[in-house]
Amino acid sequence: MVAIVGRSEQLAVIDGALAAAAAGRGGLVLVTGESGIGKTSLADAARQRAAALGLQAAHGYAVDDPGAPVLWPWRRVGTRIPELEEVLGAVTVPDLDDDVVRFGVSEAVADGLRRAAGAAGLLILLEDLHWADSLSVALLRHVALDIAASPVLVVATARDDPSTPFGRTLPDLLRGSAAESLPLRGLSPGEVVQWLASDEATAAWCPLADELVARTDGNPFYIRVLTSEAPPPSGSLHDVLAERSGMRGLLVAPLLRLTDEARHTIATAALMSERLSPTLLAAATGRTVPVVSDHIAAATRAGLLEHGVTGLSFVHALVRDAVVAHTDPQERSSAEAAIAAAMEGTGDTLLVGAAAAHWDRAGTPEASVRCREGARTAAAQAAAARAHEEAVAFARMSLRHARRLGAEGADLAERLVELARYEWLANLVPDGVASCVEAVDVAEAAGRPDLMARAALVPQGIGSVETAQVAGRLCRRALALIPEDQLAERSGLMCLMAVAAADEAVDESAGPLSASALDLARRSGSAQAELEAIAARHYVLSYPQAIEERTVLADRAVELGRTSTTAMGGLWGHLWQCEIALQQGDLGSLNRSIEEVDRVAAQRSSPVGRWHTHRLRAAQAAVTGAFDEARRESDAGLQIAERVGDISMVGMCHALSIQLAILRGDPGDVPEGALPLMERGAPPIPLLHASIAQTLVLVGQPERAVAVLEPLRDLPGRLPLGPRWMGTIGQVGLAGAAVGDAELAGRCHALLAPIAHWGSADGGGSPFTYGSNEYLVGTLALAVGDLDVAAGHFRRAVDADLRLGARPFVALSRLRWAQCLSRSTGSTGSTGSTGATGSTSPTNTTDAARTPSSPSVRALAESAAEELRVLDMPGPLDEARRLLADLAPDSEAGPLTARELEVARLVADACTNQQIAERLVLSVRTVESHVRSALAKLGFSTRTELALWVRHHSRG
């Protein structure tokens with residue numbers, strides 16, 4: 001319990017988490033810190049406390065061995081939890097869809113943990129996760145999101161290293177509401193004194209506590225090593241360090257007291273990392289198991305090894321590292337080769353990667369031959385289990401030794417293609433692109449256009465213009481050499497070229513390329529090639545004007561998807577049909593298509609399909625004004641996205657939250673920290689930056705919004721039709737309207753007016769829909785000041801959105817219509833009107849849209865205000881009330897809106913925000929916004945001042 005000194009705060013957190021787990025509320029505790037800081041001691045304390053509460057415990061650990069099987073920490077947990085053992089074997093099944101493997105296994109593990117926990121509760125200890133493979137960390141992230149409502153506590157330990165899979169995932173792990181972070185720091189001099197004084201053997205060191213902390217930064221392990229013998233007579237720590245060659249000498253001193261043979265055995269054990277199997281160690285050293293066992297016993301007595309909960313291991317990684325560093329380099333090389341040969345001799349496929357790693361360190365020509373092939377096999381195994389970062393490491397190892405042995409031509413090109421594929425799957429985009437370029441160069445020199453094509457087709461799902469340009473050039477080079485009769489291969493290259501051209505969005509070349517690719521795919525007779533070409537063609541045609549061809553493509557994709565080997569192949573057609581239904585304003589077709597997406601997702605066990613179901617239902621709920629339902633669906637989708645680990649899916653969920661905030665006009669609806677994150681990490685996508693500009697206006701920062709929008713002002717005139725065309729033009733136009741840029745709004749209006757009769761969907765899978773485009777286009781015309789044109793758009797929007805059930809946009813269109821009429825007549829309550837024949841041209845300012853039977857400004861504003869109140873849309877509601885106040889000013893309200901005055905009166909009645917929200921059928925957040933606004937307008941800082949103002953104003 002040495003390192004428990006000075007950890008009272010951390011122990012209190014663990015005690016609280018254990019008590020919560022015993023009560024049925026799970027959690028995740030992440031203990032981080034440098035080597036020797038006391039992470040294991042804290043984990044041991046957690047295990048002891050769990051036993052005292054009656055919780056079960058299972059233990060797993062990662063090892064410092066690149067050849068360790070994927071999910072090794074979880075496999076160790078499985079030895080204590082039978083429910084997991086069978087599940088974990090599924091990750092190596094190569095013929096399953098990747099999403100199915102990762103998500104299905106993760107769900108099964110989470111379910112297994114819940115069953116194993118029962119009513120008593122369960123503690124899972126996962127140690128040394130800085131060595132864990134990426135799949136183990138992804139599984140932890142998935143489980144952490146699932147256990148909040150289960151009696152399962154996970155305590156994980158790891159060193160501080162942001163370069164590891166765990167380090168990169170740590171911020172995501174800490175976002176969960178049930179996650180606790182316990183970073184450990186060194187002990188203070190006072191804590192060291194408390195520890196040393198508790199043992200007679202170390203009490204004499206107490207006067208040196210300050211110097212011990214200064215020398216070790218308070219690291220408990222180093223302090224324990226330094227105080228393992230009596231303090232020097234001089235009373236100076238310097239004398240202890242001078243007697244031995246630095247800290248390493250202190251750590252390996254016990255090794256030097258062993259016999260030569262035992263030292264060789266223990267040095268070999270140190271090189272084997274955590275795999276201290278006496279049988280394997282005997283094979284590696286050429287000794288018998290009894291002799292090796294004697295050496296292990298001597299090392300255990302000397303304090304080098306221990307038998308712990310993880311089995312036989314070195315007492316600390318620092319000790320093992322010191323033994324390795326102390327070993328002669330030539331002896332290390334021979335021992336590494338012997339270990340690798342012993343591992344290969346077992347015939348255990350799980351040791352292929354470990355053996356390759358030892359061959360790599362052996363450093364001889366023979367070892368290079370063995371490593372070249374072993375690492376290649378290990379890379380394929382890791383990739384099949386979706387451990388992509390491990391696959392990259394082994395592929396690079398194999399390639400390095402292949403080059404060392406003189407690889408060239410087709411052999412080198414094949415290895416480069418494999419490496420590029422693993423790098424791409426691991427999201428190492430620049431490295432993957434570089435490997436593709438080299439592979440194409442080498443394959444072209446070798447006269448292998450087939451390998452050129454394989455390399456060129458690696459960069460799928462390109463995320464940047466630069467990458468798209470490189471991929472396009474590689475595909476063109478390969479296409480020039482692929483024989484004319486290889487139709488499917490040529491189609492695949494042209495598909496990627498078309499997608500790249502569409503993403504680059506500088507010309508209209510994507511259209512002809514995608515059409516030619518589809519023609520080749522159909523002529524090839526390959527259903528899969530045709531489906532992939534349809535996907536590329538549909539992507540290129542993701543704009544409203546292409547709805548007729550997209551409808552044909554979607555129907556054909558549904559047919560082909562029934563026999564597709566991939567989950568997405570089965571989903572594509574149904575997803576596109578959802579978009580078509582939204583564009584046509586056909587709710588019946590939309591509901592049927594969403595049900596089909598849900599059915600295929602369940603049939604294919606596709607988490608991405610389930611995410612799409614939630615995305616579509618969230619968008620449908622939002623457009624009809626069911627905001628709470630939209631949030632629930634989006635949150636469900638976000639959980640799946642975080643488990644899958646797809647950044648774009650996560651971003652789409654957050655985009656819905658931002659759009660809801662803008663729609664409701666409530667800055668409090670913007671997720672905490674979302675705006676800084678968007679600004680800091682936003683990729684150069686105009687659509688996203690236009691959304692940032694609108695959000696900045698919402699939160700009261702219009703000057704910054706103008707600066708964000710400035711680089712996009714020339715976009716409407718140069719963006720070709722293609723993916724994100726409608727979304728980009730629409731959002732840029734709305735941002736221009738929000739900052740008062742009439743010229744920009746007008747140019748966007750001119751582009752969008754011809755498609756105003758459609759619903760706001762374009763085939764691209766937006767997370768949000770505006771109902772009828774008439775509202776969006778009308779908003780742009782209003783910003784320009786073309787009041788008659790705008791009024792015509794809003795009148796048609798009301799009719800279209802009433803049919804669609806898009807209540808928020810019916811209310812908003814009535815409000816904007818009323819604003820148009822009020823401004824055009826310049827009156828306060830006179831009847832203005834618009835009619836069905838109004839032109840959509842922004843240059844038309846005639847009265848052709850007016851009819852005598854149109855509703856009055858007041859009737860439109862009152863209708864809008866009532867609906868906006870019911871829907872809880874505070875921003876537009878304030879606008880409606882201001883308009884009504886202008887029509888018939890309320891002297892009692894002063895500078896406040898009607899709703900603000902209503903809230904202020906309840907504040908004066910000593911109602912809490914919760915009570916006000918319940919009485920007015922608002923959210924607490926909306927009430928808070930009204931209170932803040934009222935205080936700001938009146939120049940007050942407290943609710944008491946506001947209450948006094950109401951009472952005085954009422955008497956006055």
Side-chain angles (χ1 to χ4, degrees), residues 1-33 37-62 73-85 87-88 108-129 132 136 139-158 173-174 176-184 191 194-195 198 220 306-311:
M1 291 295 229
V2 169
I4 297 304
V5 173
R7 306 302 186 205
S8 57
E9 292 182 7
Q10 290 84 355
L11 287 171
V13 170
I14 288 176
D15 285 338
L18 287 168
R25 302 185 306 278
L28 171 66
V29 176
L30 300 170
V31 184
T32 57
I37 202 67
K39 300 184 296 294
T40 298
S41 295
L42 204 59
D44 287 341
R47 181 170 34 244
Q48 295 169 17
R49 283 164 159 74
L53 290 173
L55 272 69
Q56 307 172 68
H59 184 259
Y61 53 90
W74 292 99
R75 292 179 191 277
R76 302 304 303 165
V77 171
T79 62
R80 294 292 304 274
I81 302 179
E83 292 90 338
L84 301 189
E85 283 192 303
V87 171
L88 294 176
V109 167
D111 290 341
L113 292 178
R114 283 192 290 268
R115 291 196 304 272
L122 174 65
L123 169 67
I124 301 296
L125 285 178
L126 298 172
E127 293 199 68
D128 296 329
L129 291 190
S136 292
L139 179 53
L140 173 62
R141 180 177 58 189
H142 186 114
V143 168
L145 292 168
D146 258 345
I147 60 178
S150 304
V152 180
L153 173 64
V154 177
V155 175
T157 72
L173 291 169
L174 292 175
S177 59
E180 291 276 3
S181 175
L182 297 182
L184 299 186
E191 290 164 344
Q194 178 188 352
W195 161 27
S198 67
E306 65 179 0
H307 290 275
V309 292
T310 64

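Everything numeric here is computed off the predicted structure, so don't read it as measured data. One-based numbering along the sequence shown.
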- Residues that S198 engages under side chain to side chain contact (heavy atoms under 4.5 Å, CB included), provided they are two or more places apart: W195

- Task: Report yes if some heavy atom in the side chain of V31 is under 4.5 Å from a heavy atom in the side chain of Q10; otherwise report no.
- Result: no

- Query: For the side chain of K39 and the backbone of A158, is there at least one donor-acceptor N/O pair under 3.5 Å apart?
  - Reply: no

- Task: Please list, chain by chain and in numerical order, all residues satisfying side chain to side chain contact (heavy atoms under 4.5 Å, CB included) with L11, sequence neighbours excluded.
- Result: I4, L42, A45, R49

- Query: Which pair of non-hydrogen atoms, one from V5 and one from Q194, has the smallest distance, and what is that distance?
  - Reply: CG1-OE1, 3.9 Å

- Residue list, side chain to side chain contact (heavy atoms under 4.5 Å, CB included) with R80, at least two apart or on another chain: A58

- Evaluation steps, side chain to side chain contact (heavy atoms under 4.5 Å, CB included), between H59 and V77: CA-CA 5 Å; H59 184 259; V77 171; over 6 Å; no

- Message: Rounded at 0.5 Å granularity, tell me how far NE2 in H142 sits from CG in L140.
- Response: 11.5 Å

- For E191, what residues pass the side chain to side chain donor-acceptor pair (under 3.5 Å) criterion, not counting sequence neighbours? S188

- Message: Taking side chain to side chain donor-acceptor pair (under 3.5 Å) as the definition, give me every residue that meets it alongside T157, ordered by chain and number, with sequence neighbours left out.
- Response: none

- Query: Could you give the distance from CZ (R76) to CG (L84), rounded to the nearest 0.5 Å?
  - Reply: 13.0 Å

- Note on the structure: Scanning both residues in full, the closest heavy-atom pair of A132 with S136 reads CB-CB, 4.2 Å

- For residues 147-156, the side chain to side chain donor-acceptor pair (under 3.5 Å) pairs (sequence neighbours left out) are none

- Message: Quick check: closest heavy atoms across P151 and G118, and the distance to 0.1 Å?
- Response: CG-O, 3.4 Å

N/O donor to acceptor pairs below 3.5 angstrom from side-chain atoms of residues 17-30, sequence neighbours left out:
none

- Task: Report yes if the side chains of V155 and L153 come closer than 4.5 Å at any heavy-atom pair, otherwise no.
- Result: yes

- Item | For the student: nearest non-hydrogen atoms of R47 and L125, plus distance | NH1-CD1, 3.0 Å

- Task: Mind listing the closest non-hydrogen atom pair of L122 and A116 along with its distance?
- Result: CD2-CB, 4.2 Å

- Query: Under a 4.5 Å cut-off applied to non-hydrogen side-chain atoms, are I37 and T32 in contact?
  - Reply: no

- Across all chains, not counting sequence neighbours, the side chain to side chain contact (heavy atoms under 4.5 Å, CB included) partners of E306 are S313, V315

- Task: Work out which heavy atom in I14 is nearest to a heavy atom in A46; give both atom names and the distance.
- Result: CG2-CB, 3.8 Å

- Query: With sequence neighbours excluded, what pairs up with T40 under the side chain to side chain donor-acceptor pair (under 3.5 Å) test?
  - Reply: E127

- Task: Answer yes or no: is there a side-chain heavy-atom contact under 4.5 Å between L129 and P73?
- Result: yes

- Message: Could you check whether any side-chain heavy atom of V143 comes within less than 4.5 Å of a side-chain heavy atom of W74, counting everything from C-beta outward?
- Response: yes

